[in-house]
Amino acid sequence: MNGWVIAIIQTALMAAGAPFLTGWVKWVKCKLQCRQGPPPWQPYRDLAKLFRKEVVISDKASVIFRISPYLIFSVTALAGSIVPLLAVGLPTSAIADVIVLVGFFALARFFLALAGMDIGTAFGGMGSSREVTISSLAEPAMLLAVFTLAMTVSSTNLATMIYRLLDFPFQLYPSFIFAGLGLLLVAVAECGRIPVDNPATHLELTMVHEAMILEYSGRHLALMEWAAMLKLMIYGVLIANLFVPWGVALEYTAYDFAVAMVTITAKLLVLGIVLAVSETSLAKMRLFRVPQFLGLAFILSLLGMLSHVILEVR
Amino acid sequence: MQLISLPVSEQLILTLAALILFTSFLLLAQTRLVTLIHTFALQGGLLFLTTVLVAIASGRHHLLISAALTLGLKVFFIPWQLRLLVVRLDIRREVEVVGNASLIMIGAGALTLFSYYVALPIRELSLLSTRNTIAISLAVILIGMLMIITRRKAVTQVIGFMSMENGLMFAAVAATHGMPMVVELGVALDVLVAAILFGIFFFHIRSEFGSLDVDRLNRLNEVDR
């Protein structure tokens, strides 16, 4: 049962670290823009405040509106348990592979879109329609990028992927450059960051994710926000550990875990800085240009797959 | 999977091949002229790196001359010349409208697949481990051609033509360790002369038709007037 304990601790760590990552990105961004900025642990305070607050629910709300925050958070946490944060070969990663991970995200998104439309406000429906449009374009690109990796290691299981990649740590894979870039673009679109969506704004015409959760308050809102932060964390860990797999613990010893903890923290902090720099230098794009952006992600993933077939298989 | 048994230099060449294909896609998608010229220079730079790598790895030092020619012509001279033309013709800020960009990109992907299938029997003939790059260079050539077909401005068509030439050069260097020196010198001279001639033509097209849009060449002047 040792593996299960580690898996639960790992998932808890992921959930606990997620607000810090979001706060870190915000803090670096503020520093880059010469602003004072809230400290990186501000999201914890926000979440704590929201959990203490009273929940206000419209009397038109159905049961979907009430259960959605719990469902979305738990599904996202489940998705987080699949992704190897510190160690590979845990029982949770044996249950589900990367396609299930995409499926979990789709399930969470389905309920998020339903909850956005449930009350019947104009903004909620608008946000849901945009979210579904963006994700329907992002999902094929993500699957293609993931399949490129899966073809290289001939497995769709994340733990097996990292095992195989660590077998030959200094091997150059041309296709990984493209798959990595494609996955980065998809992550930016799916997590609602600039240039696709702006998490810091509540401007009517541009918001996507914020529009859907506009009606939520109190602990419901806290869970929704936390799930969004967790999603960013999952994508960050996925990109960091798949494309830069060094440092992941292969054996369950205290030393390995300490090394894994330090490396993944460093990787995520660097990734956060990259995200902050790109968000500072790019402007949010018009909604109608998002398909082009995701088309680029799709082409990149397709190129990754093609270059795998052409260059790496013989 | 035998990729693991390859030496580092050949892995690097394969990676560079993938990057060259990527710059071809970038050229196809780019609509701003100055950025287009910079991307073309980047493709030349990648070709230069490949040639140097092949020269060092295979010990054929005459390839270094070819690499120097690539560096001088394709990374510096031609992009500089094109940029000068763009500045002189005052079309620096022009954005070319490409009809149905995503369809063209999918077409480029299909061309890449097609060239893979075409190159399958050819690569059986080569004994080099980098023979897989034949498909990539064929794809670069076909994408250059697609660029000539889909664009209307003369400058972008010339860049498409030059990137086709990059593809040919890449095939020669990566898949067969270079052509004889005489051929390479001849090709380099050709490209140089072509670049200068194109420049003169641009001015003529412009002064005759008042635009660099080659669609206007289709119209009969006498009828229109």
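Quantities reported herein were computed from a predicted structural model and do not represent experimental measurements. Naming: A, B, ... by sequence-line order, numbering from 1 per chain.
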Contacting moiety of F178(A), where chain B heavy atoms sit under 4.5 Å:
side chain
Are F105(A) and Y235(A) an aromatic pair by the rule of ring centers under 6.0 Å?
yes
Looking at every non-hydrogen atom in both residues, tell me the closest pair between A283(A) and P195(A) and how far apart they are.
O-CB, 3.5 Å
What is the minimum heavy-atom distance between V132(A) and A113(A), and which atoms define it?
CG2-CB, 4.0 Å
Please classify the contact between L296(A) and chain B as side chain, backbone, both or neither, with a heavy-atom cut-off of under 4.5 Å.
neither
Closest heavy-atom contact between A135(B) and Y116(B)?
CB-CA, 3.9 Å
Region of L306(A) in contact with chain B, defined by heavy-atom distances below 4.5 Å:
side chain
Closest heavy-atom pair, S128(A) versus G116(A), reported as atoms and distance to 0.1 Å, is OG-CA, 3.7 Å
Might you point out which heavy atoms bring S93(A) and L90(A) nearest each other, and give the distance in Å?
OG-O, 2.9 Å
Exercise: identify the closest heavy-atom pair between G127(A) and M212(A):
C-CG, 3.6 Å
Taking non-hydrogen atoms and a cut-off under 4.5 angstrom, which of residues 16-31 of chain B neighbour chain A?
A17(B), A18(B), L19(B), L21(B), F22(B), F25(B)
Can you name the residues that form a salt bridge (Lys or Arg N to Asp or Glu O under 4.0 Å) with K29(A), not counting sequence neighbours?
E279(A)
Heavy-atom distance under 4.5 Å to chain A: side chain of L12(B), backbone, both or neither?
both
